[in-house]
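Working notes, beginning with the structure itself.
Just so we're clear, the structure is a prediction, and the values are computed from it rather than from any experiment.
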Amino acid sequence: GAALLHAGCGSGQVDRGIADRFRIAGLDFCPAALAAYRRANGAGASVVLGSVLALPFEDASFDGVYNLGVMEHFSPEEAADAL
């Protein structure tokens with residue numbers, strides 16, 4: 001039941017196996033990716049249009065944050081900012 005942020009969720013196929021155990025919010029800057037995330041995880045999937053570099057959430061909104069295949073798209077400075 002933990003609240004997790006998938007920061008840079010893309011199409012979200014990787015969340016299929018865990019979405020029933022966690023409350024996941026998918027964040028991405030691409031509307032098409034968020035639409036694909038909803039298709040993969042159901043119409044009720046929580047998606048947010050936004051940037052990993054400027055999270056649109058209050059502090060302590062989530063119990064954990066993860067991403068897959070995101071950080072390599074940033075410069076070292078941007079990656080440090082994201083972390």
Heavy-atom side-chain proximity of L27 to C9 below 4.5 angstrom: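 No, too far: nothing below the 4.5 Å cut-off.
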Side chain proximity check, V48 to P56, heavy atoms < 4.5 angstrom: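 V48 reaches P56 side chain to side chain.
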Worked check of side-chain contact (heavy atoms from CB on, under 4.5 Å) between L83 and M71: CA-CA 9 Å; L83 294 173; M71 300 305 280; 3.8 Å; yes
How far apart are the closest heavy atoms of [X] and [Y], and which atoms are they?
| X | Y | answer |
| --- | --- | --- |
| V70 | A7 | CG2-O, 3.7 Å |
| F62 | L5 | CD2-N, 3.7 Å |
| A82 | V52 | CB-CG1, 3.8 Å |
| C30 | D28 | N-OD1, 3.1 Å |
| Y37 | G26 | CZ-CA, 4.3 Å |
| S11 | A40 | O-CB, 3.6 Å |

Donor-acceptor under 3.5 Å (R23 side chain, G1 main chain):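 Flag set: sc R23 to bb G1 pair under 3.5 Å.
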Sidechain-backbone polar pair: D63 side chain, L4 backbone, donor-acceptor under 3.5 Å: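 The answer is no, because no donor-acceptor pair under 3.5 Å joins these two groups.
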Residues in ring pair (Phe, Tyr, Trp, His ring centres under 6.0 Å) contact with F22, at least two apart in sequence or another chain: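 Here no residue qualifies.
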E78 CD to H73 NE2 distance, which is reported to the nearest 0.5 Å: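 E78 CD to H73 NE2: 12.0 Å, rounded to 0.5 Å.
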Nearest-0.5 Å distance that lies between atom CG in L53 and atom CD in E77: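 Rounded to the nearest 0.5 Å, the CG-CD separation comes to 11.5 Å.
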Residue F57 excluded, over 12 heavy atoms near CZ under 6.0 Å: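 Yes, because the 6.0 Å sphere around CZ of F57 holds more than 12 heavy atoms from other groups.
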Donor + acceptor pair across side chains of D15, H6 (<3.5 Å):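 Yes, a side-chain donor-acceptor pair sits under 3.5 Å.
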Residues that L68 engages under side chain to side chain contact (heavy atoms under 4.5 Å, CB included), provided they are two or more places apart: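 Expected list: V14.
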